[in-house]
*Asks:* 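Provided herewith is a single structure, encoded as structure tokens, for subsequent inquiry.
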Amino acid sequence: MKLKEWGEENFIDFLKSQFSSPSQEIGIGDDCAVLPYKDGYQLITTDAMVEDIHFIKDHISPENLGFKIVAANVSDIAAMGGKPEHAFLTLALPKTLDTLWLKNFVKGIKIACERFEINLLGGDTVGSKKSIFINLALIGSARNIKLRNAAKVDDVIFVTSFLGDSLAGLQLLKIASAMRFPQLVEAHATPEVYPEQGQWLASKTDVHAMMDISDGLDSDLKKLLKASNCGASINLEKLPISNSLKKACRMMDWNPIEMAVTGGEDYCLLGTASANEFSRLAKEFERKFASQVHPIGQVTRQGLEYVENGQHQNIKVKTFNHF
Ligand code: ADP
Ligand code: MG
């Protein structure tokens, strides 16, 4: 069998079956590995980006790419409820790479490290034949953590930002129409991430499960549901869709719901919370962060269904799969 048929998810399940975690340590399967530490936890995560798979050199500036590899990792720390602290950067670079590009890439890493108060402590640099390969490992800490496996039937499912903007930004860059929608391009190139919100949500007992959306709502929600052994009903009319995305969809004849359900790299938080406490929690969140936490559906016993105004909907799901 080829890797293409086996798929990323099955491979990760296989890895998990081969390496059991020592007790009290959470290994493969969540946004970060978790180690008990003093009166809290240490969190460790790593994320890679490969040229022509995750980015096209002509479509993203080196500063933005540097920022984005840090932000993607901060998002995984945020998803557990943690604060990012120390990073290691590994690069595989072709020898023909322009040094100004590389200096600007490092500038982007530095901007992100300053923004999120991260110390870059080391890494590795090697040659590659043709493509650029970037990996960042990030260590953080948390007092309280939330896992993917803690959703309960009847919980409200929520997200912390608009969905689909990053995918729209990427599509616009590909067709050289980026100038018209700077907010969408920004969402793709320098995504917002939510470490403070993650820490706050993790401190609330009424929040049960949490992760971040990096592959797309449909794909990531399925991971949360599988880990929690339950299902979900998502109300499509409640998905937070930005005015910029609505406008771009009208102009480009895209379906905003499909973009919101399948678009990756939004890097917002996806979680579940007690239905009885959700509106109180949402009000507190809004007061504290001057932004909304959007309820988008409920946890059910099994399956994932999309509903619009009470009617079952079939969504064309085109999720990203590495293989
Ligand atoms: P995320 O999208 O949150 O970064 P992934 O889907 O990339 O998470 O990974 C899911 C889980 O599988 C994580 O716990 C990650 O550490 C683990 N994982 C992925 N690839 C590997 C690998 N090559 N070796 C060990 N663990 C892996
Ligand atoms: Mg994640």
Side-chain angles (χ1 to χ4, degrees), residues 3-4 6-22 24-35 41-50 53-55 68-84 87-90 92 116 124 133-140 142 145-151 157-161 163 166-167 191-195 197-199 201-202 207 209-228 262-272 317 319-323:
L3 185 50
K4 189 177 158 182
W6 203 17
E8 183 187 350
E9 198 182 328
N10 287 328
F11 172 60
I12 291 176
D13 284 346
F14 169 73
L15 274 172
K16 209 171 162 176
S17 73
Q18 299 299 300
F19 302 97
S20 63
S21 303
Q24 278 201 301
E25 298 178 3
I26 299 154
I28 296 170
D30 219 302
D31 295 280
C32 297
V34 181
L35 307 174
Y41 304 91
Q42 201 154 52
L43 305 172
I44 304 144
T45 186
T46 180
D47 246 317
M49 288 187 180
V50 179
I53 305 278
H54 298 89
F55 66 94
K68 194 166 174 176
I69 185 75
V70 178
N73 280 278
V74 169
S75 181
D76 276 326
I77 297 272
M80 309 296 298
K83 181 184 175 313
F88 289 79
L89 175 68
T90 297
F116 301 113
D124 197 15
F133 170 95
I134 304 159
N135 180 263
L136 194 94
L138 188 58
I139 299 169
I145 54 166
K146 295 294 175 192
L147 307 177
R148 294 178 182 185
N149 67 7
I157 300 171
F158 65 81
V159 292
T160 58
S161 81
L163 299 173
S166 177
L167 173 63
E192 280 288 331
V193 287
Y194 304 92
Q197 287 86 337
Q199 285 161 58
L201 289 164
V207 174
M210 198 157 71
M211 69 180 296
D212 70 326
I213 299 188
S214 53
D215 293 343
L217 173 66
D218 181 84
S219 165
D220 288 325
L221 179 59
K222 280 177 183 156
K223 291 178 195 168
L224 187 148
L225 298 175
K226 185 176 165 191
S228 297
T262 63
E265 297 194 328
D266 282 318
Y267 295 116
C268 71
L269 300 172
L270 166 70
T272 81
V317 180
T319 42
F320 180 75
N321 185 328
H322 276 283
F323 309 109

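For ligands, and for the atoms within them, numbers begin at 1 and follow the listed sequence. Numbers here simply count residues along the sequence, with the first being 1. Scope of the values below: all heavy atoms of this structure, side chains included, with no hydrogens, waters or symmetry mates. In this text, all values refer to a predicted model and were calculated from it rather than measured experimentally.
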*Asks:* Distance-only, no hydrogens or angles: does the Ser166 side chain make a donor-acceptor pair with backbone N or O of Gly263 under 3.5 Å?
*Replies:*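 No: the side chain of Ser166 does not pair with the backbone of Gly263.
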
*Asks:* Would a distance-only check, ignoring hydrogens and angles, find a side-chain to backbone donor-acceptor pair under 3.5 Å from Ser75 to Cys268?
*Replies:*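 It does not hold such a pair.
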
*Asks:* Working note: Asp13 + Lys226, criterion side chain to side chain contact (heavy atoms under 4.5 Å, CB included); need CA distance, chi angles, decisive distance, verdict.
*Replies:* CA-CA 12 Å; Asp13 284 346; Lys226 185 176 165 191; 3.0 Å; yes

*Asks:* In order of chain and number, which residues sit within 4.0 Å of ligand 1 by heavy atom?
*Replies:*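 Within 4.0 Å of ligand 1, the protein residues are Ile12, Leu15, Ile28, Gly29, Asp30, Asp31, Asp47, Asp76, Arg148, Ser214, Lys223.
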
*Asks:* Does any non-hydrogen side-chain atom of Val74 lie less than 4.5 Å from one of Leu138?
*Replies:*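 With C-beta onward as the side chain, the pair touches.
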
*Asks:* Using a cut-off of 2.8 Å, find all protein N, O or S atoms closer to the Mg ion (ligand 2) than that distance.
*Replies:*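 Atoms qualifying: Asp31 OD1, Asp76 OD1, Asp212 OD1.
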
*Asks:* Main chain of Gly82, side chain of Gln199: is a donor-acceptor contact present, judged purely on distance under 3.5 Å?
*Replies:*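 Looks like yes, one N/O pair under 3.5 Å.
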
*Asks:* As an exercise, state the distance from CG of Leu3 to CD of Glu8, rounded to the nearest 0.5 Å.
*Replies:*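 One finds 9.5 Å between CG of Leu3 and CD of Glu8.
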
*Asks:* Report the C-alpha distance between Asp76 and Asp30 in whole Å, list the side-chain angles of each, state the deciding distance to 0.1 Å, and finish with yes or no for side chain to side chain contact (heavy atoms under 4.5 Å, CB included).
*Replies:* CA-CA 9 Å; Asp76 276 326; Asp30 219 302; over 6 Å; no

*Asks:* Lys68 vs His54, test: side chain to side chain contact (heavy atoms under 4.5 Å, CB included). Steps then yes/no.
*Replies:* CA-CA 11 Å; Lys68 194 166 174 176; His54 298 89; over 6 Å; no

*Asks:* Examine the side chains of Asp266 and Ser161 and answer whether a donor and an acceptor come within less than 3.5 Å of each other.
*Replies:*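 Side-chain D/A pair, Asp266 to Ser161: absent.
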
